[in-house]
Trainee: 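This is the structure I want to talk about, given as structure tokens.
Letters A, B, ... mirror the listed sequences (proteins, then strands); counts begin at 1. These numbers come from a predicted model, not from an experiment.
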Amino acid sequence: MSKLKRTHTSGQLRITDVKSGVTLVGWVSSVRDHGGLIFIDLRDRYGITQVVFNPNRGKEFYETAGQLRPEYVVAIKGVVSARPEGTVNLNLDTGEIEVYADTLEILNKSETPPFEIEDESKVSLELRLKHRYLDLRRSAMQKRLIFRHKVCQTIREYLDSLNFVDIETPVLTKSTPEGARDYLVPSRVNLGKFYALPQSPQLFKQILMVAGYDRYFQIVRCFRDEDLRAQRQPEFTQMDMEMSFVDENDIIQVIEGLMSTIFDKVVGKKITTPFPRLSYREAMSSYGCDAPDLRFGMRLKDVSDIVQRSDFKVFLDTIKSGGQVRGINANGCGNYSRKDIDDLTAFVGQFGAKGLAWFKVEENGLSSSITKFFPAETQEKLQRHMEHERAICSFLLPISPRWFPSRLRNSVFILARRTNLLIPAYSTFHGL
RNA sequence: GGGGCCGUAGCUCAAUUGGUUAGAGUACCAGACUGUCGAUCUGGAUGUUGCGGGUUCGAGUCCCGUCGGCCUCGCCA
């Protein structure tokens, strides 16, 4: 046990603390040995403080300082000092000061880590997971976990203020198949039988409602035994809630309040409520999806009636079989090369799109490899209907009745991401 | 479960058509240096080319198998 007791964190000291005696504890982030003077960056989850070792403080002390290596855990006692002119580091919150050490204790040495502890990790995910305790030392990771913590904390405070009760429900239960496969846990007591882990806690909250806990919530693990994908994990967390004696509007208001509180308290952004509201019909026809992503404006316009007056077989067949042709005004793709469009076509093909027809607006009207199939009148209508302007590209997707709802939005999303049309989430609430 | 890509120094990656002793940056080690903060300078050490088999005069490179990873489709609210 160290005799040194931490008095401050490494993110805490400011110019106003100059001349204070302090003790810091943390990880050595970097060592800069100048022979006659050693600087180290001392890191903890609160920040980084520069510590200076001067040989005048004693030979033995200075030799110990010379042994320091990255990731050593050390305790340092010293005096806060204003940095000399010209050596202030504006990148650090503590950059106006440094600590002149007079006592150094190595609490734990470290082997050379398998990768460097940097903000930008250039290391494979595999290696990061193998040495997770090192990966989690990176401030980028610490910020994520702390952000998550703050979101949960804010949810609890907000819902508590509205009389919601946080109640845990059982995890080892019986199977209540929903669609995803259940995770199974063998029972020791009942041989040959299994528990199922909940895909989500929906079952028990009904009991709570009936029992009179009219406002319940839970931040809870859910388990679904399905194959992994990018952005999908077998276990994940949901905020689950249930209310009695309410109507649709009450629910929407509670959620809107929750979201704006989270953005306000955690992100520091004010968002306005109520949020834009769409009917199911409107969402499906404009975005092809019951939960549209409003970060980009690519609405799907039905152009079936217009393109019906053409000789383009793919479109005609699609319509004849009960499908539709929908257009996306791809503002920003006007300069796309033939190859860019081919790439996109291949990409949406993965989602089951039969093709990606395209038109560009140029001086003399529409240009495309398939304009010859479309009479001038149709082209004109198309251009007007798609609100086409110069140098804008449109994509037309033939949509079979079976393919339409589920995967289309994915294609559109990819289009948007590829064409840099995504905007930060909070802008949505400003009506952008 | 199907398809694609990848596996080389601690890490990130290179290595021409199959050709001599597998390289670079960084990390690491040693030395120098009193104002650095991606410190700098000089020098040094570092490999079962994932594993097993095959083709070949010769394999990091080609073929087969296997293990691991990433992406993707199916699946999944």
Side-chain angles (χ1 to χ4, degrees), chain A residues 10 28-43 47-57 62 65-72 81-101 109-131 134-135 138 176-183 197-202 220 222-240 289-291 343 346-353 402-403 405-407 409-411 413-414:
Chain A
S10 287
V28 174
S29 191
S30 86
V31 182
R32 297 178 292 279
D33 188 342
H34 286 249
L37 203 59
I38 297 172
F39 300 93
I40 68 163
D41 287 342
L42 190 69
R43 185 194 70 228
I48 284 178
T49 299
Q50 174 164 280
V51 179
V52 189
F53 297 96
N54 192 308
N56 300 338
R57 303 279 182 176
Y62 194 71
Q67 291 167 17
L68 292 178
R69 293 290 178 273
E71 301 313 307
Y72 277 29
S81 169
R83 291 196 186 194
E85 233 186 292
T87 65
V88 167
N89 185 347
L90 296 173
N91 298 323
L92 297 180
D93 290 340
T94 61
E96 285 185 293
I97 59 96
E98 59 198 356
V99 172
Y100 266 87
K109 295 191 174 185
S110 169
E111 290 176 17
T112 301
F115 54 87
E116 290 144 81
I117 314 299
E118 307 172 306
D119 246 18
E120 286 293 313
S121 173
K122 301 168 201 108
V123 180
S124 73
L125 185 63
E126 192 184 0
L127 200 74
R128 287 171 54 197
L129 289 169
K130 183 173 174 188
H131 305 279
L134 293 177
D135 190 40
R138 296 166 45 229
T176 56
E178 285 177 53
R181 283 181 281 261
D182 288 317
Y183 271 102
L197 302 183
Q199 297 174 20
S200 56
Q202 261 127 24
V220 64
C222 303
F223 306 90
R224 289 172 193 166
D225 188 8
E226 293 295 341
D227 290 346
L228 277 82
R229 280 273 193 92
Q231 311 297 327
R232 190 200 292 165
Q233 299 178 37
E235 61 174 297
F236 58 93
T237 305
Q238 276 188 354
M239 190 210 77
D240 184 50
C289 172
D290 64 356
D343 284 350
F347 207 92
V348 297
Q350 289 182 346
F351 297 98
R402 282 181 54 218
W403 181 67
S406 59
R407 295 176 217 152
R409 198 59 192 166
N410 257 343
S411 318
F413 180 77
I414 295 299

Trainee: Wobble G-U and Watson-Crick pairs count when both distances are under 3.5 Å; given that, what is the 5' to 3' dot-bracket string of RNA chain B, with | for pairing to other strands?
Mentor: (((((((..((((.....[...)))).(((((.......))))).....(((((..]....))))))))))))....
Trainee: Considering heavy-atom distances to RNA chain B, does A:Asn56 or A:Lys122 have its closest nucleotide positioned more toward the 5' end?
Mentor: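 By nearest-heavy-atom nucleotide position, the 5'-most residue is A:Lys122.
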Trainee: Quick one, A:Phe53 with A:Leu68, criterion side chain to side chain contact (heavy atoms under 4.5 Å, CB included). Give me CA distance, side-chain angles, the key distance, then yes/no.
Mentor: CA-CA 11 Å; A:Phe53 297 96; A:Leu68 292 178; 3.9 Å; yes
Trainee: Using modelled atom types and a 3.5 Å cut-off, is there a donor and acceptor pairing between side-chain atoms of A:Arg83 and backbone atoms of A:Val88?
Mentor: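 Judged by distance alone, no pair lies under 3.5 Å.
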Trainee: Would you tabulate the side-chain donor-acceptor contacts of residues 92-100 of chain A under 3.5 Å, counting partners in other chains and residues two or more places apart, or write 'none'?
Mentor:
| unit_1 | atom_1 | unit_2 | atom_2 | d |
| --- | --- | --- | --- | --- |
| A:Thr94 | OG1 | A:Ile48 | O | 2.5 |
| A:Glu98 | OE1 | A:Gln50 | NE2 | 3.0 |

Trainee: Considering only the P atoms, how many Å lie between B:U34 and B:C71, rounded to the nearest integer?
Mentor: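 After rounding to an integer number of Å, I get 50 Å for this pair.
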Trainee: Determine the Euclidean distance between corresponding C1' atoms of B:G54 and B:G18; express it in Å to zero decimal places.
Mentor: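 Looking at atom C1' only, B:G18 and B:G54 are 15 Å apart.
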Trainee: Quantified in whole Å, what is the C1' atom distance between nucleotide B:A14 and nucleotide B:G60?
Mentor: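 Going atom to atom, C1' in each nucleotide, I get 12 Å.
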Trainee: Taking only heavy atoms on the protein side, list every residue of residues 84-99 of chain A lying under 4.0 Å from any atom of RNA chain B, sorted numerically.
Mentor: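 Residues of residues 84-99 of chain A under 4.0 Å from RNA chain B: A:Pro84, A:Thr87, A:Asn89, A:Glu98.
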Trainee: Say we look at B:C13 and B:A27: how far apart would their C1' atoms be, to the nearest angstrom?
Mentor: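 Nearest-Å result for B:C13 against B:A27 at atom C1': 14 Å.
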Trainee: What is the separation between atom OH on A:Tyr100 and atom P on B:U36, rounded to the nearest whole Å?
Mentor: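 So the two atoms are 12 Å apart, to the nearest Å.
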Trainee: Can you check the distance between B:A22 and B:U61, where both ends of the measurement are the C1' atom (answer in whole Å)?
Mentor: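 So the two C1' atoms sit 12 Å from each other.
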Trainee: Say you pick atom P in B:U8 and the same atom in B:G3; how far apart are they, in whole Å?
Mentor: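 Going atom to atom, P in each nucleotide, I get 24 Å.
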Trainee: Atom CG of A:Leu37 and atom C1' of B:A32: how far apart are they, to the nearest Å?
Mentor: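 Atom CG in A:Leu37 sits about 15 Å away from atom C1' in B:A32.
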Trainee: Take the protein atom CZ of A:Phe53 and the nucleotide atom P of B:U36, then report the distance between them rounded to whole Å.
Mentor: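 One finds 18 Å between P of B:U36 and CZ of A:Phe53, rounded.
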Trainee: Rounded to whole Å, how long is the line connecting atom CD of A:Glu118 with atom C1' of B:G25?
Mentor: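 After rounding, the reported distance stands at 13 Å.
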Trainee: Between A:Glu116 and A:Val123, does a side chain to side chain contact (heavy atoms under 4.5 Å, CB included) hold up when you go through it step by step?
Mentor: CA-CA 9 Å; A:Glu116 290 144 81; A:Val123 180; over 6 Å; no
Trainee: Below 3.5 Å is the cut-off: list the nitrogen or oxygen pairs between protein and nucleotides 39-45 of chain B, distance only.
Mentor:
| unit_1 | atom_1 | unit_2 | atom_2 | d |
| --- | --- | --- | --- | --- |
| B:A39 | N6 | A:Asp33 | O | 2.6 |

Trainee: Considering only nitrogen or oxygen atoms on both sides, find all protein atoms under 3.5 Å from nucleotides 28-30 of chain B and state each distance.
Mentor:
| unit_1 | atom_1 | unit_2 | atom_2 | d |
| --- | --- | --- | --- | --- |
| B:C29 | OP1 | A:Arg69 | NE | 3.0 |
| B:A30 | OP2 | A:Arg69 | NH2 | 3.4 |

Trainee: Rounded to whole angstrom, note down the P distance from B:U40 over to B:G35.
Mentor: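 So the two P atoms sit 15 Å from each other.
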Trainee: With the criterion being N/O to N/O and under 3.5 Å, what pairs connect the protein with nucleotides 66-68 of chain B, and how long is each?
Mentor:
| unit_1 | atom_1 | unit_2 | atom_2 | d |
| --- | --- | --- | --- | --- |
| B:G68 | O2' | A:Glu126 | OE2 | 3.2 |

Trainee: Could I get the full list of salt bridge (Lys or Arg N to Asp or Glu O under 4.0 Å) partners for A:Arg43, not counting sequence neighbours?
Mentor: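 Scan of A:Arg43 (salt bridge (Lys or Arg N to Asp or Glu O under 4.0 Å), adjacent residues dropped) gives A:Glu71.
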Trainee: A:Glu71 has an atom CD; how far is it from atom P of B:C11, in whole Å?
Mentor: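 From A:Glu71 CD to B:C11 P: 17 Å.
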Trainee: Looking only at atom types and distance, does a side-chain atom of A:Gln238 sit under 3.5 Å from a main-chain N or O of A:Ser200, one as donor and one as acceptor?
Mentor: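 No, the answer is negative, given that no donor and acceptor are paired below the 3.5 Å cut-off.
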Trainee: Please measure how far the C1' atom in B:G52 lies from the corresponding atom in B:G68, and state the result in whole Å.
Mentor: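 Nearest-Å result for B:G52 against B:G68 at atom C1': 15 Å.
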Trainee: Within the distance-only criterion (no hydrogens, no angle test), does the side chain of A:Tyr62 pair as donor or acceptor with the backbone N or O of A:Leu37 below 3.5 angstrom?
Mentor: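 Yes; judged by distance alone, with no hydrogens or angles, the pair exists.
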Trainee: Distances under 3.5 Å only, N/O to N/O: pair up the protein atoms with those of nucleotides 6-10 of chain B.
Mentor:
| unit_1 | atom_1 | unit_2 | atom_2 | d |
| --- | --- | --- | --- | --- |
| B:G10 | O2' | A:Pro114 | O | 3.0 |

Trainee: Quick one: which of B:A77, B:C11, B:U36 gets closest to the side chain of A:Phe39?
Mentor: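 My answer, after comparing the listed nucleotides, is B:U36.
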Trainee: Taking salt bridge (Lys or Arg N to Asp or Glu O under 4.0 Å) as the test, write out the residues that go with A:Asp182, two or more places apart.
Mentor: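 Salt bridge (Lys or Arg N to Asp or Glu O under 4.0 Å) check on A:Asp182 returns nothing, list empty.
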Trainee: Only counting residues at least two apart or in another chain, list the ones meeting salt bridge (Lys or Arg N to Asp or Glu O under 4.0 Å) with A:Arg181.
Mentor: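 Salt bridge (Lys or Arg N to Asp or Glu O under 4.0 Å) check on A:Arg181 returns A:Glu226.
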Trainee: Residues two or more places apart in sequence or in another chain: which of them pass salt bridge (Lys or Arg N to Asp or Glu O under 4.0 Å) with A:Arg57?
Mentor: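 Scan of A:Arg57 (salt bridge (Lys or Arg N to Asp or Glu O under 4.0 Å), adjacent residues dropped) gives none.
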Trainee: Just how far, in rounded Å, is C1' of B:A32 from CD1 of A:Ile38?
Mentor: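 Result: 14 Å.
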Trainee: Go through the structure and list residues passing ring-ring contact (aromatic ring centres under 6.0 Å, His included) with A:His34, not counting sequence neighbours.
Mentor: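 Here the qualifying residues are A:Phe39.
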